[in-house]
Amino acid sequence: MANAGNSYGGMRYYDGSILMRNTWIVMALVLSLSTNFCRAAEPADKSDEGQASTLAEKISAIAATHRQRRKEFYDELDTLAQQRKGLGAAEYGKQVSRANLEYSNDARPMAQELIALIKANRQQPAVIEGLIALEGEMSHSLGVDEQLVDIALKDQLANPEMGRLCSLLRHSNNDPAAESILRAVAKEHPMREVRGMATYGLGEYFRQTARDDWGRPITPEQTAALLADAEKQFVDVLENYADVLTSDGKNLRDLATSSLARVRNIPHLTVGQPAPLLRGESVDGVAIDLADYRGKVVLIVFWGSWCGPCMGMVPHERELVERWKDKPFVLLGVNCGDDRQTAQRTIAAERMQWASLWDGESTEGPAQSAFNVLHWPTVYVLDAAGTIRAIDPKAAELDSLIEKLLASTGEAGGEHRGAAAEHEP
């Protein structure tokens with residue numbers, strides 16, 4: 001599997017509870033908000049119903065204020081992205097850094113205020129909403145503060161809303177605190193539905209911790225052990241919690257089935273192995289089957305309109321399609337995370353004149369599960385026999401790789417030998 005930074009075009013988007021944006025921007029944001037912002041606790045509210053209601057309102061108000069500020073921040077990033085060519089790379093980077101710093105400075109006191117409320121009222125049921133807001137939209141890992149973890153494990157463990165927190169913690173890969181909370185809820189929570197959500201969340205935590213593209217060392221033995229742990233949790237879900245719905249109405253049977261297939265397929269997703277089955281409908285409702293392209297070199301690109309690097313690669317993709325239009329070459333897109341209308345508008349606006357399978361509005365659709373898509377764009381190159389020949393090749397290497405594969409079928413044109421187009425990602 002490719003290491004971080006070696007993907008097609010040199011940029012990646014990662015899944016997680018944060019809105020999917022430019023990777024380095026998001027990482028800077030997470031780091032800035034993941035510092036321990038705790039301050040001295042205010043006097044605890046009284047435990048009567050009126051005070052509890054006041055606490056809930058305070059938490060809700062802080063979360064709403066942060067949500068609005070975050071929206072303004074992402075709107076500003078979108079505006080800057082549209083102005084990128086006119087600004088130039090240096091000025092664009094400067095403006096993005098400024099916007100990120102201003103947002104972080106505005107968000108910091110919100111996190112401080114929320115943490116103070118949580119610590120001062122740790123036994124109040126409404127505190128769970130504060131933990132959810134911190135771990136979710138504020139991207140403040142509970143694991144950086146032992147008191148927050150202690151509150152989750154001791155004072156809020158039996159809270160009926162704990163399942164929502166577990167849905168967020170499943171993305172906190174390689175975080176012992178998240179693992180401890182997920183394990184405790186899966187084992188001890190009094191509600192079967194919440195135990196089921198925690199069990200699924202624990203499986204996802206193991207699966208994502210097993211990834212080798214986080215820029216941290218992980219051995220094959222560690223990966224195998226983590227995937228085995230993940231499989232165990234998904235099997236447990238299917239055997240004991242298959243009828244449970246998540247807090248957002250998704251069926252655990254469907255989620256665990258998809259995740260289990262993903263985990264079991266990972267060992268086969270290597271160069272030299274046959275590509276998985278890929279069937280579905282295009283964004284326009286036309287049937288697509290990867291098997292129909294047998295005999296052709298196939299470039300599969302998993303993309304979304306929300307993914308800046310994906311859109312940045314479209315000019316190169318158009319060039320490849322034009323260059324090899326008379327050869328046995330096919331570019332097959334797989335749209336991820338968009339509704340059909342958004343995908344259709346993007347395809348028309350970007351002149352993407354090739355088929356794109358629609359994998360649903362989720363970033364965990366069946367095609368993405370089959371190919372273990374962990375970032376966007378993800379790129380697979382298949383030879384004429386349907387065998388995987390590259391995963392996330394660098395943009396500069398892609399042209400020559402396709403040419404070599406076409407040459408192996410006797411179809412490559414000599415005038416294109418060694419060509420490699422350069423495009424800004």
Side-chain angles (χ1 to χ4, degrees), residues 1-4 14-17 135 141-143 162-189 192-248 250-270 273 276 302 336 359 362-376 378 391:
M1 300 174 69
N3 294 323
Y14 292 99
D15 57 349
S17 60
E135 183 70 38
S141 171
L142 303 185
M162 183 57 78
R164 290 165 54 209
L165 180 60
C166 289
S167 293
L168 296 170
L169 292 174
R170 77 181 195 267
H171 298 296
S172 300
N173 65 88
N174 205 36
D175 183 347
E179 180 180 349
S180 66
I181 295 172
L182 288 166
R183 283 188 182 276
V185 176
K187 182 179 180 180
E188 303 174 24
H189 200 281
R192 173 175 171 270
E193 292 80 3
V194 177
R195 293 198 303 275
M197 284 187 274
T199 302
Y200 173 72
L202 189 58
E204 280 294 288
Y205 168 85
F206 288 136
R207 179 183 71 80
Q208 295 191 38
T209 302
R211 290 169 54 170
D212 66 354
D213 62 346
W214 290 111
R216 58 180 174 78
I218 183 169
T219 67
E221 292 76 19
Q222 290 172 324
T223 297
L226 286 165
L227 292 177
D229 285 339
E231 181 171 345
K232 180 180 178 182
Q233 302 305 318
F234 297 140
V235 170
D236 189 0
V237 170
L238 292 174
E239 291 179 349
N240 298 298
Y241 305 106
D243 61 318
V244 171
L245 297 179
T246 64
S247 54
D248 57 355
K250 296 179 181 178
N251 189 286
L252 282 187
R253 177 187 292 107
D254 296 339
L255 293 174
T257 298
S258 176
S259 293
L260 187 60
R262 181 190 289 260
V263 166
R264 289 176 172 173
N265 204 33
I266 287 174
H268 306 292
L269 291 171
T270 58
Q273 293 289 325
F302 291 82
C336 315
D359 206 32
S362 167
T363 53
E364 297 179 350
Q368 294 162 89
S369 294
F371 282 79
N372 192 35
V373 174
L374 304 172
H375 52 261
W376 295 264
T378 286
I391 303 173

Note to self: Could you tell me if the side chain of V237 sits less than 4.5 Å from the side chain of L255, heavy atoms only?
What the structure shows: no

Notebook entry, point to check: CG of L226 to CZ of R211: how many Å apart, nearest 0.5 Å?
Noted result: 13.0 Å

Notebook entry, point to check: Any idea which heavy atoms bring S180 and A177 closest together, and the distance?
Noted result: OG-O, 2.7 Å

Notebook entry, point to check: Looking at side-chain heavy atoms only, is the closest gap between L374 and R207 below 4.5 Å?
Noted result: yes

Check: What's the spacing between Y241 OH and T246 OG1 if we round to 0.5 Å?
Finding: 15.5 Å

Next item on the list: Identify the two heavy atoms, one from I218 and one from A210, that lie closest to each other, and give their separation to 0.1 Å.
Entry: CD1-O, 3.8 Å

Note to self: I'd like to know if the side chain of S172 pairs up with that of E135 as donor and acceptor (distance under 3.5 Å, no hydrogens or angles considered).
What the structure shows: yes

Next item on the list: Measure the CG-CD distance between N174 and E179 for me, rounded to the nearest 0.5 Å.
Entry: 9.5 Å

Checklist line | Nearest-0.5 Å distance that lies between atom OG1 in T209 and atom CG in D175 | finding: 8.5 Å

Check: Which residue pairs satisfy the side chain to side chain donor-acceptor pair (under 3.5 Å) criterion with at least one member in residues 252-261, sequence neighbours excluded?
Finding: Y200-S259, E204-S259, S258-S369

Next item on the list: Over all heavy atoms of both residues, which pair between A186 and T199 is shortest? Give the atoms and the distance, please.
Entry: CB-OG1, 3.7 Å

Checklist line | For the student: nearest non-hydrogen atoms of G201 and L182, plus distance | finding: O-CD1, 3.9 Å

Check: About how many Å separate CD1 of I266 and CG of L227, when rounded to the nearest 0.5 Å?
Finding: 5.0 Å

Check: Is there a donor-acceptor contact under 3.5 Å from the side chain of R170 to the main chain of M197?
Finding: no

Item checked: Least distance between heavy atoms, I391 atom then T270 atom -> CD1-CA, 4.4 Å

Check: Where is the tightest heavy-atom contact between L269 and P276, given as atom of each residue plus distance?
Finding: CD2-CG, 3.5 Å

Item checked: From H189 atom NE2 to C166 atom SG, the distance as rounded to the nearest 0.5 Å -> 8.0 Å

Next item on the list: Run the salt-bridge test on R195 and D236 with the 4.0 Å N-O cut-off and return the result as yes or no.
Entry: no

Margin query: Any heavy-atom pair between the side chains of F206 and V263 that's under 4.5 Å?
Written below: no

Margin query: So does A370 get a backbone contact from the side chain of N265, meaning a donor-acceptor N/O pair under 3.5 Å?
Written below: yes

Item checked: Heavy-atom check, side chain of V185 versus side chain of L165, under 4.5 Å -> no

Note to self: Could you go through Y205 and R183, starting from their C-alpha distance and side-chain angles, then the distance that decides it, and tell me whether this counts as side-chain contact (heavy atoms from CB on, under 4.5 Å)?
What the structure shows: CA-CA 11 Å; Y205 168 85; R183 283 188 182 276; over 6 Å; no

